[in-house]
Each structure stands twice: as structure tokens, then as C-alpha cells.
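This report concerns only the one structure given below.
Lettering follows sequence order; numbering is per chain, from 1.
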2 protein chains.
Amino acid sequence: MLAVQSPFARKLGAFVALSDTELSALDRLYGRRKVFPAGRDIVHQGQSAQSAYILASGWVCSYKIQTSGSRQIVDFQIPGDFLGLRSVLFRTADHNIEPITQVEASEVPAKDLFETFSTMPRLATAVLWAASRDEAMVVEHLVGIGRRDAKERMAHFLLELGARLKLVGLGSATGFACPLTQYLLADAMGLSAVHVNRVLRELREDDLLTFQHGQVTIHDLDGLVLLADFDKTYLDHDGPLLR
Amino acid sequence: MLAVQSPFARKLGAFVALSDTELSALDRLYGRRKVFPAGRDIVHQGQSAQSAYILASGWVCSYKIQTSGSRQIVDFQIPGDFLGLRSVLFRTADHNIEPITQVEASEVPAKDLFETFSTMPRLATAVLWAASRDEAMVVEHLVGIGRRDAKERMAHFLLELGARLKLVGLGSATGFACPLTQYLLADAMGLSAVHVNRVLRELREDDLLTFQHGQVTIHDLDGLVLLADFDKTYLDHDGPLLR
DNA sequence: CGAAACCGCTGATCTGCCTCAGTGCGGCAG
DNA sequence: CTGCCGCACTGAGGCAGATCAGCGGTTTCG
């Protein structure tokens, strides 16, 4: 085992126990580091995509725009997450990716990705695994928008975000730093920004959590879990699943 | 190339050009055929899953139940679709799978799946591909629930379903047979059954489509596409993506 | 063959969230 | 220092879709 690992290797390592050869193959993928400023899209809907990205630092969101102009944020990505895997597989992007903060990411050309998959099937499995976890999150998100009211939805979303950040060492049980504006939250949760504001106020008045000045502080974890019907098993597991 | 292919092999073949060795490996996976009656769940939330399934005939839905009792249908599966891949990867199911009609499906034990993936990386890529297409559908579904009103949502859903069925030879441009009840539609679209009924009536009164007696008939395809802001590129492509 | 269950369908009423139309504050460019 | 812009925040009013309550037809089953 190598001593220092990227967040990405750490995440994959949680799925599949990785050999040194596999780890150094990952490091090779991880080489081409780039910096993106906040606000300018990295990938556009419909654009043909030759590369995927691995997020090293900063936050991004993936979203879709309808011709009517309204947008739906599908997911936020945090360090260690894989970006645009689906776009690479389909050779064209079906969604946009926008950096919320300044972002560092490694570019992974499609060719390198496929070569690595062919020569190291276990890595392919690991990536499939990571992609499945992301899909599980999208599914949870779908359930949230379809069947939870605004307050439950917000609570669930922030709990999930907290759990994800904790996994990569960017949060604790009591809270986390969060660069999302109420407008971004609204686009993610299928609400209006006005209503997001009211819901956050309600959560504050109920002494459940505070979201102010880019900081989420959790006051009553049990209360939130109860309200949101939150079950973190889909994010968590104990040790590598494939040895 | 083998002359006769299962719907599943046909679907994967659309993603990756498959050799005879790979096709016969698929046939081996496809062997263990089982029949399930309508209504009794094949997989339960939280249950540990040792097998995935490949749907040969009939319709199923995957859904999640909240402790409050309300349910959200995440997706419907039709012949050729893969069931429970994520459940196998995580070793426990995070959702339920219920047959809507009587169903024939091939059981694929996790062990066989992993072995096939290790020895035939191209098959792993193909499955990753198919899984990505399914995720793209879930994403589109998410956008629908978050940002489309009931009528647009219904139109989009039925257009998508029609396109999928056409791909496996179970529908035409003018319509398709559809065993879904209005209650199932409601649970899928995050609406009440009452409202589903009204929306279907509106679509009928607008001469866009008719959904009666288990049959969807499309009267005005262009009108529907316009209303739903439907873009089928995420379902379609020309020829295998990997040769 | 009657009862129960399911499904499609409808009118009336209620409500969660949207839209509109603002105010106030902090950061930043000129 | 001033004016602008983005963001958090608020009240008033409106509407899409939920909920409640009920009818009629068809299938299933004791």
C-alpha cells in the first residue's frame, strides 16, 4: 500500500482492495491536473465529451436546463467524486457541469479510461461501484422530490451532504462548511428560492439546524434523521466489498 | 455472430460489438430462467441480494417505501432490462422490485457476474454502459418531477416509455400496450391517482394521446414532443459505441 | 351468486408552494 | 464615497395539485 492516497483512490479503495499496481495506474489517471474558475461551465449539454474528470478540490454541480429556462440540479460533487463518466461513455454530455467554487480537477481522457479498464478489470468494477453509489444518491434525490415535502427534503439533503463530506474528511457530526446559495439549493430541490429561505428559517426555529454564512450547524441530529426519514446505509459500508 | 439473440444480448450489442465468445458467455448468464407471479415482490428493501436478474418478459417496477407509507416508483423495467445490479454490488438491496405482470427473468448469481466481468472486461464495459443509460433515465425522471408540471411530466414519461418499447420491438410510432394502472403512474410521477386521471383526460381532450384499456395511442407525436420538451438522444445512438 | 376488491372516473374543498413585489445588507468597481 | 449587484429575507395573493368523498363497472373468490 502506498502511504499517501488521493481522495479518489481512497474512495475506490473503500469498494475494492487495490494492489500497488492498481494504485499506481490510478495515480497515472490522476496526473493531468487543471484549475477551473467558479461559474464557467466545464461541460455543456450536447457537447461531445472526450474526457471525464476527477475532482480534487472545490464543489461543482451537474444540472439540466429545459427549453423553458428552468433548471434542475441533479447532484453536487465534492472532492474525490468522478465527473462526467456517463458523458464519456455516451460520447456526448447529457447535462452541464458548473463549478460552484474554484475547482481543481484531473482530466481523464476517454482513451486512458478504457485502456485502464481493459487491462485492470478490478478497477473497472471499482468504478462501476462508485458510479452505482452515485446513482443510489440520485435515486434518493428522486424519492425526495417526489414524496417528501420541502422541510423533509431540505433536512434529508443536508444530512446526506454532511455524511458525504464526513467520508472525505471535510465535515464533522456537528456541521460543515457549505458554499451553496439558497438559489442553488432551490434548483437542486425543485423549490423556489423564496421557499428555501422559509424552510431554512423553520428548521432554525425548530432548533434542528442552522445554515448561515456558508456554514451548516447541526443542533439536533436525531430530530433531523427522524424528520427526514434518513437512512444512510446507501452511502456507507464496512471495508472493501471485493477483496 | 449467432443468429438468434436474447433481448439482453441485443441491448448490450448496441453498446459494444460482441464476439462469439462473449455472446456465449452471455447465454450462460442467461440460462437460469424463473417465473414470478404479478404482485409479489422479487426483491425487498434491506434484503441481502446474492443475485441480479435479466428480464425476459413482463413488466416490473423498482420502488422505495418511506416509513410514512408513501411510495415512489423509481423506474419501470421492460424485457431486456437488467434488474438489481446495484443491489448485487452493494450486497443489500436499497429498493424493492415488484412484478406488475407475470414475469420471466433469468437469475444471475453475483459470483457468475463478477467472474464474467473479470475474464471479459468488454462485457463489464457493456454492462457499465447499459447501467449508465438507466441512470440517464433516472436523471431525466428527476428533472421531470422537479421541473415539469403534471401534464408535461405525463407526456414525457409516456414518450420515453414508447421509445424504450420500440427499441425492443414492443411498440410502434402510433402506440403500445401498457399494463400500468393510474395508481402506478401516480406513484411513479409523484402525483395523486386522482390527478393522474385528470391529466390523462386533458391529454385526450387535447387530441395528443389516449390511454385506455391498457393501450396507449399516440395521436399527435409532434405536439407531445413539444409539450414535454422531449429529447430522445439520451436513449438513442447509432451503432455500437465500442468496436 | 353475492360480496369484496380493484380500477377508472368525478366534484368540492383545502393547502403547500409559487409568483410578484419588494427591503436591507455586504462586497466590489469605478 | 457612491452606485451596483448578488444574496438573504419578507409579506400578500394566487394556483396546481392534494385530499376527501363518492359512483359505477369489472374481476375474483368464497
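- Between B:R201 and C:dG8, a side-chain N or O to OP1/OP2 separation shorter than 4.0 Å is absent.
- The environment of A:R204 atom CZ is dense: over 12 non-hydrogen atoms of other residues, nucleotides or ligands sit within 6.0 angstrom.
- At a cut-off of 3.5 Å, with distance as the only test, no side-chain donor of A:S62 or A:D75 sits close to an acceptor on the other residue.
- Rounded to an integer number of Å, the gap from CE of A:M189 to C1' of C:dG16 is 14 Å.
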Sub-3.5 Å pairs of nitrogen or oxygen atoms, protein against nucleotides 6-8 of chain D:
residue: D:dA8; atom: OP2; partner: A:Q182; partner atom: N; Å: 3.0

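- Looking at B:R148, its side chain does come within 3.5 Å of a backbone N or O of B:A228 through a donor-acceptor pair.
- To the nearest angstrom, C1' of D:dT10 lies 14 Å from NE2 of A:H195.
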Which atom pairs link the protein and nucleotides 25-30 of chain D when you take only N or O atoms and keep those under 3.5 Å?
none

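- Taking atom CG on B:D149 and atom P on D:dA18, their separation rounds to 12 Å, with Å as the unit.
- Taking atom CZ on B:F211 and atom C1' on C:dC7, their separation rounds to 12 Å, with Å as the unit.
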All N/O contacts under 3.5 Å from nucleotides 21-27 of chain C to the protein, with atom names and distances to one decimal?
none

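- The base of C:dG11 lies close enough to the side chain of B:R198 for a donor and an acceptor atom to sit less than 3.5 Å apart.
- Of the two residues near DNA chain D, A:R147 and A:A193, the one whose nearest nucleotide lies more 5' is A:A193.
- No donor-acceptor distance shorter than 3.5 angstrom exists from the side chain of A:D81 to the backbone of A:L55, with no hydrogens or angles considered.
- Within the 4.5 Å cutoff, no side-chain heavy atoms of B:E104 are placed close to those of B:P79.
- The backbone N or O of A:K151 lies less than 3.5 Å from a partner atom in the side chain of A:D149, making a donor-acceptor pair.
- Panel note: side chain B:E202, backbone B:V199; no donor-acceptor pair is recorded below 3.5 Å.
- If you check the side chains of B:Q47 and B:T92, you find no donor sitting under 3.5 Å from an acceptor.
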